[in-house]
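Here's the structure we're looking at; comments come further down.
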Amino acid sequence: MDIWQVIAIGFVIIILIILASCIKIVPQAQAFVVERLGGYQATWNVGVHVKVPFIDRVARRVVLKEQVVDFAPQPVITKDNVTMRIDTVVFFQITDPKLFAYGVENPIMAIENLTATTLRNIIGDLELDQTLTSREIINTKMRVSLDTATDPWGIKVNRVELKNIIPPAAIQDAMEKQMKAERERREAILRAEGEKKSTILVAEGKKESAILEAEGEKESAILRAEAKKEATIREAEGQAQAILAIQQANADGIRFLNESQPGNAVLQLKSLEAFAKAADGKATKIIIPSEIQGIAGLVKSVAEIGKDS
């Protein structure tokens, strides 16, 4: 093999290497910015591309995925002259590789400085308490402002989050004392409300107990009165029935006497029995009727009749 063959083989190898270097494969979620003779030529998206050797070059490889940048805490001053430190997190995505490549020299540094100035402007219009309680409002304002400012750079700001708000140590101590006082105040209020409810419940319990006791005594008195009334009624009914029975017996006796038509001897005998009852020693005066002799004779006759029998 002579020298010309070696040169030819070397030349072919060099041409193959140059041709291989001209073939570019753009991966997913990336874009290549291609320049020709120092000027912008095209933006290559996903796929296989071939550039002109020695004339075209890939000036910049751009990642199209959403990116996250965490910036260091920035000192800011509130409306009531309180200095604090706030660190932010920015979520952004490149939408135009050409603008991103030629719009600004250092996009990340530009976003950081823009974030710091925007944050100072927003916090400068808020007081300390508003700053601590208005994270969502601050995030929204910063996102809108940064998205508008970075649009000429081919960057879209999706979200901005306040990662941490660090007030001065004296402010932190005052806030902790205030929170402690507030918790103690709430505890005292809750304790007082609990005691109040407990007192009310005890009073209501005593009231209900007194009402129930009074109702019980009332019902007991009513029942006793009804029982006494019922007993009196039953006693009166019993007496009435007894009197009625006595009167009925007397009436039956009189009717029996009337029906039997007793003689004079029987009537005189009954009179003698009545006289004996009257003279049983309880009466202080005894009136002897004029017919006492006839009654004595009647008694004697009755005695004789009994002997004969």
Side-chain angles (χ1 to χ4, degrees), residues 66-92 111-149 156-229:
E66 186 176 15
Q67 303 179 49
V68 182
V69 181
D70 187 0
F71 297 128
Q74 299 291 331
V76 294
I77 301 176
T78 62
K79 187 177 180 180
D80 48 356
N81 296 323
V82 177
T83 302
M84 62 177 60
R85 299 174 63 84
I86 301 177
D87 57 343
T88 56
V89 179
V90 178
F91 299 81
F92 69 93
I111 293 176
E112 181 179 5
N113 293 328
L114 185 60
T115 301
T117 56
T118 304
L119 183 62
R120 289 190 181 99
N121 292 334
I122 295 174
I123 299 300
D125 295 333
L126 300 175
E127 295 182 354
L128 175 62
D129 294 339
Q130 293 176 323
T131 303
L132 297 175
T133 58
S134 304
R135 286 175 176 257
E136 190 65 28
I137 297 175
I138 298 173
N139 294 339
T140 303
K141 288 183 178 180
M142 289 187 63
R143 186 193 64 79
V144 173
S145 180
L146 290 176
D147 191 27
T148 304
K156 178 175 178 57
V157 177
N158 296 326
R159 287 177 296 171
V160 178
E161 299 289 342
L162 299 184
K163 185 178 179 181
N164 194 12
I165 299 177
I166 308 172
I171 299 297
Q172 289 184 357
D173 294 340
M175 291 172 60
E176 291 177 358
K177 291 179 181 179
Q178 182 180 0
M179 292 176 61
K180 181 179 180 181
E182 181 67 18
R183 287 194 295 267
E184 292 177 352
R185 184 182 68 85
R186 292 180 181 178
E187 181 183 1
I189 291 174
L190 292 176
R191 188 184 300 110
E193 290 180 352
E195 293 177 356
K196 176 183 176 183
K197 291 181 180 179
S198 176
T199 304
I200 292 174
L201 290 176
V202 171
E204 289 180 352
K206 291 181 179 180
K207 176 183 176 182
E208 292 178 359
S209 176
I211 292 173
L212 292 176
E213 184 177 357
E215 290 180 353
E217 293 179 355
K218 176 183 176 182
E219 292 178 358
S220 177
I222 291 173
L223 291 176
R224 288 196 299 269
E226 289 180 352
K228 185 175 181 180
K229 174 184 175 182

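Atom set for the values below is all heavy atoms of this structure, side chains included, hydrogens, waters and symmetry mates excluded.
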Review point. Would Val68 and Glu66 satisfy side chain to side chain contact (heavy atoms under 4.5 Å, CB included), going step by step from the backbone distance to the final call?
Key: CA-CA 7 Å; Val68 182; Glu66 186 176 15; 5.6 Å; no

Revision key, fill the gap. Interatomic distance, OG1@Thr88 vs CE@Met142, rounded to 0.5 Å, equals 5.0 Å

Check your understanding: With no hydrogens and no angle check, is any side-chain donor or acceptor of Asn164 less than 3.5 Å from a backbone partner on Asp87?
Key -> no

Can you give each donor-acceptor pair under 3.5 Å made by side-chain atoms of residues 118-139, sequence neighbours left out, with the distance rounded to 0.1 Å?
residue, atom, partner, partner atom, Å
Thr118, OG1, Leu114, O, 2.7
Arg120, NE, Pro75, O, 3.2
Asn121, ND2, Thr117, O, 3.2
Gln130, OE1, Glu127, N, 3.1
Thr131, OG1, Glu127, O, 2.8
Thr133, OG1, Asp129, O, 2.8
Ser134, OG, Gln130, O, 2.6
Arg135, NH1, Leu162, O, 2.9
Asn139, OD1, Leu162, N, 3.2
Asn139, ND2, Arg135, O, 3.1
Asn139, ND2, Glu161, OE1, 3.2

Just distance, no hydrogens or angles: give the donor-acceptor pairs under 3.5 Å from side chains in residues 180-206, sequence neighbours left out.
residue, atom, partner, partner atom, Å
Glu182, OE1, Arg185, NE, 3.4
Glu182, OE2, Arg185, NH2, 2.5
Glu182, OE2, Arg186, NE, 3.3
Glu187, OE2, Arg191, NH2, 3.0
Thr199, OG1, Glu195, O, 2.9

**Study point:** Full working for side chain to side chain contact (heavy atoms under 4.5 Å, CB included) between Met84 and Thr78
**Key:** CA-CA 8 Å; Met84 62 177 60; Thr78 62; 3.8 Å; yes

Review point. Roughly how far, to the nearest 0.5 Å, is the CG atom of Leu146 from the CD1 atom of Ile111?
Key: 8.0 Å

Check your understanding: What is the minimum heavy-atom distance between Lys163 and Asp70, and which atoms define it?
Key -> NZ-OD2, 2.8 Å

Review point. Roughly how far, to the nearest 0.5 Å, is the CZ atom of Arg159 from the CG atom of Asp147?
Key: 13.5 Å

**Study point:** Neighbour count >12 (heavy atoms, 6.0 Å) for atom CD1, Ile77
**Key:** no

Review point. To the nearest 0.5 Å, what is the distance between OG (Ser209) and CD (Glu213)?
Key: 6.0 Å

